[in-house]
Amino acid sequence: MDTSIKERIYSIDLLRGVVMMIMLLDHTRDFVHFGAMSSDPTDLATTTISLFFTRWITHYCAPTFVFLSGVSIYLQKLKGKPTGELSWFLLTRGFWLIVMEFTLVRFGFVFNFDYSFLGVGQVIWVIGVSMIIMAGLIYLPIRAIAIYGVVLVLLHNLLDRIQVPPNVAFEGQPPPDAGQILWMLLHQQGGVPLFGGATNAFIAYPLIPWTGVMALGYVVGSVYSWDAKRRQKWLLKAGIGVTAAFVVLRLINIYGDPSRWSWQEAQSFTFLSILNTTKYTPSLLYLLMTLGPALIVLSLTDRKKGKAIWQRICITFGCVPMFYYLLQFPLAHSLAIILSYLTGKDIAYFFLNFPASMAAAPPDAGFPLWVVYAVWIAGLLILYPLCLWWGNLKHRNKHWLLSYL
């Protein structure tokens with residue numbers, strides 16, 4: 001085993017920090033951009049190149065976040081944590097993350113306590129459930145976990161033909177039966193009534209194939225027991241191979257994404273069509289497109305000590321992912337409210353549940369894209385000292401409770 005595994009692996013923190021910084025851009029756009037409530041930034045009929053790439057670059061966030069969560073689980077095992085203790089930690093932390101998704105994260109998203117809407121099942125919910133599943137999977141041989149991950153990621157698009165009425169909880173349709181609810185939890189984005197219709201939730205991140213992504217991250221974590229040169233070489237080859245697989249499968253245009261690319265009037269928009277893969281539910285091509293480059297970055301930054309200023313900034317964010325995540329939603333939301341209030345715009349819709357907030361947004365809601373970027377930078381400047389303080393606190397204090405944040 002590489003003895004450096006006893007130290008923190010900065011390449012993982014660096015990559016995680018980069019995608020978390022980009023994540024704030026996505027959520028800032030959600031609250032600040034004038035088109036966020038009325039149009040899809042990846043809709044080629046209405047988008048611009050700059051808006052498309054503002055959204056597209058953030059596609060790398062969730063897959064990398066979930067994948068690195070799996071890597072980190074294996075690293076805990078490499079550092080000597082017994083399997084039983086690790087399993088219990090994953091089980092309890094998984095349930096804790098689910099609770100936080102529908103409490104703290106929910107409040108940051110809607111700024112109200114009206115629990116007729118339970119919340120949106122996003123990346124924290126799916127990481128929580130995936131950790132609960134991993135609590136059992138880690139008892140299996142690494143090869144069995146690899147097969148589990150590959151099957152879910154590679155073959156889940158075969159399930160795309162199975163569809164139930166989407167958003168049934170929000171469109172006045174008859175309530176779904178138990179089978180439909182289960183299917184939306186597993187593979188189809190949609191709204192579901194819970195607790196006998198007392199509340200509703202919107203499942204933005206169905207479990208399949210996200211649990212497979214975490215399992216594959218766990219498998220890749222095993223390469224950190226190899227010597228550095230062998231590890232770097234493997235990560236680079238794997239990253240290039242996964243990225244090449246995306247290019248080939250996407251150009252063939254037969255399998256791997258429910259949305260086929262098509263020729264557009266402008267060549268630039270044809271290129272956008274090729275890149276415009278499906279995030280909800282994440283398609284095979286979406287995952288290949290995002291995880292391939294992530295593996296390449298892990299290879300190229302391996303053994304880096306994070307001495308450059310930009311590296312230290314990224315690593316500071318990457319060392320405290322949960323703390324950062326809990327702050328970035330309410331921060332983006334608050335900055336949007338303050339900016340709207342100061343410019344005389346209506347702010348009432350910022351306190352409504354989803355999707356009512358979208359319908360209630362006034363015609364003049366939001367700001368141009370350059371304002372989104374300015375607010376994003378301001379948000380990072382606010383978050384950095386807070387994350388630096390929390391990271392130092394965790395470094396000084398090894399209390400077990402801090403491991404849950």
Counting only heavy atoms not in [X], do more than 12 fall under 6.0 Å of its [atom1]?
X	atom1	result
K81	NZ	yes
Y280	OH	yes
F95	CZ	no
R161	CZ	no

Do the two ring centres, one from [X] and one from [Y], sit under 6.0 Å apart?
X	Y	answer
Y74	Y224	no
W370	Y373	no
H33	F367	no
Y205	W210	yes

Could you pull out the closest heavy-atom pair between [X] and [Y], with the gap in Å?
X	Y	value
M20	F317	CE-O, 3.2 Å
P206	M184	CB-O, 3.8 Å
A228	D302	O-OD2, 4.1 Å
Q188	I162	OE1-O, 3.9 Å
S69	I127	OG-CD1, 3.9 Å
S11	L298	O-CD2, 3.9 Å

How many angstroms lie between atom [atom1] of [X] and atom [atom2] of [Y], to the nearest 0.5 angstrom?
X	Y	atom1	atom2	result
L326	F107	CG	CZ	13.0 Å
S273	N253	OG	CG	8.0 Å
S39	L51	OG	CG	6.5 Å
I254	L249	CD1	CG	9.5 Å
L381	L383	CG	CG	9.5 Å
D26	H59	CG	NE2	8.5 Å

May I ask you to establish whether R93 and W96 are in a cation-pi arrangement, using a distance under 6.0 Å from NZ or CZ to the six-membered ring centre and at most 45° from the ring axis?
-> no

Establish, for the pair R312 and Y10, whether the NZ or CZ atom is under 6.0 angstrom from the six-membered ring centre and no further than 45 degrees off its axis.
-> no

So does [Y] get a backbone contact from the side chain of [X], meaning a donor-acceptor N/O pair under 3.5 Å?
X	Y	answer
N157	Y255	no
T199	Y115	yes
Q180	D177	yes
R106	F117	yes
H333	F350	yes
T47	D43	no
S334	L331	no
H156	P282	yes
T281	H187	yes
Y324	T316	no

Report yes if some heavy atom in the side chain of [X] is under 4.5 Å from a heavy atom in the side chain of [Y]; otherwise report no.
X	Y	value
L352	V110	no
L393	F323	no
F53	L275	yes
F89	Q76	yes
K279	T42	no
F67	T64	no
V123	Y325	yes
W261	W263	yes

Side chains of [X] and [Y]: is there a donor and an acceptor less than 3.5 Å apart?
X	Y	result
Q264	S262	yes
R55	N276	no
T278	D257	yes

Show the numbers, then the answer: is there a side chain to side chain contact (heavy atoms under 4.5 Å, CB included) between L137 and L140?
-> CA-CA 5 Å; L137 288 180; L140 300 178; 3.7 Å; yes

Mind checking whether W56 and Y60 have parallel, tilted or perpendicular rings, split at 30° and 60°?
-> perpendicular

Let me see the working for R16 and D13 under salt bridge (charged side-chain N to carboxylate O under 4.0 Å, His left out), right down to the final yes or no.
-> CA-CA 5 Å; R16 184 161 46 211; D13 289 329; 2.8 Å; yes

Where do H27 and D30 land on the side chain to side chain contact (heavy atoms under 4.5 Å, CB included) test, with the steps shown first?
-> CA-CA 5 Å; H27 297 151; D30 283 337; 3.7 Å; yes

Start with the C-alpha gap between T28 and L335, add the side-chain angles, then the distance that decides, and say whether side chain to side chain contact (heavy atoms under 4.5 Å, CB included) holds.
-> CA-CA 9 Å; T28 301; L335 291 175; over 6 Å; no

Go through L155 and L284 one step at a time and tell me if the side chain to side chain contact (heavy atoms under 4.5 Å, CB included) criterion holds.
-> CA-CA 8 Å; L155 301 181; L284 168 63; over 6 Å; no

